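To start, the structure under review is shown below, and the notes come after it.
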Amino acid sequence: MAEYCLKCWNEINKTDDPARKYIFSKELDLCEGCGQWAHVIVAQRKYYYRRKFRFVIFPFKVIYILVYTLWRILILPYIIYQYRKSQKDNHD
């Protein structure tokens, strides 16, 4: 994978992206664009935080799935009753 500093990355892609949009390497690395030692771009930040955020969301997803499943089980007799009632009305 190519390693570019933010300045070279913006020049190549003709953008003006801020530094907060990307995650940079901790150590200095050789930029392939300008040939200087600089912190190079590793990844876009939104994907990084999305991965971290899933651990916060996971308990809520589990609770939602449990509550939804219990609700569907509780409402099942009513759904069956409505279905049989509509079938009986259609045959008459």
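Just so you know, these numbers come straight off a predicted model, no measurement behind them. Because only heavy atoms are used, hydrogens play no part in the values below, and waters and symmetry mates are left out as well, while side chains stay in.
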**OP:** Might you point out which heavy atoms bring Cys31 and Cys5 nearest each other, and give the distance in Å?
**Re:** SG-N, 3.3 Å
Original post:
Would you call Arg72 and Ile79 a side-chain contact if the rule is heavy atoms closer than 4.5 Å?
Top reply: yes
Original post:
What's the shortest heavy-atom distance between Val42 and Phe24, and which atoms?
Top reply: CG2-C, 3.7 Å
**OP:** Could you tell me the separation between the CG atom of Leu66 and the NZ atom of Lys61, rounded to the nearest 0.5 Å?
**Re:** 13.5 Å
Subject >> Taking every non-hydrogen atom, the tightest pair across Pro18 and Tyr22 >> reply: O-CD1, 3.9 Å
**OP:** For Tyr4, check side-chain hydrogen bond (donor to acceptor under 3.5 Å, both in side chains) against everything at least two apart and list the hits.
**Re:** none
Original post:
Val40 and Asp29: which non-hydrogen atoms are nearest, and at how many Å?
Top reply: CG2-CB, 3.9 Å
**OP:** Can you sort out the partners of Tyr64 under side-chain contact (heavy atoms from CB on, under 4.5 Å), two or more places apart, ordered by chain and number?
**Re:** Tyr68
Original post:
Can you tell me how far CD of Glu27 sits from NE2 of His39, rounded to the nearest 0.5 angstrom?
Top reply: 9.0 Å
**OP:** Working to the nearest 0.5 Å, report the span between CD1 of Ile12 and CD of Glu32.
**Re:** 9.0 Å
Subject >> Reported CD1-to-CD1 distance for the pair Ile75 and Ile80, which is rounded to 0.5 angstrom >> reply: 11.5 Å
Subject >> Closest non-hydrogen atom pair between Arg45 and Arg20, with its separation >> reply: NE-O, 2.7 Å
**OP:** With rounding to the nearest 0.5 Å, note down the distance linking CG in Leu6 to CG in Asp16.
**Re:** 8.5 Å
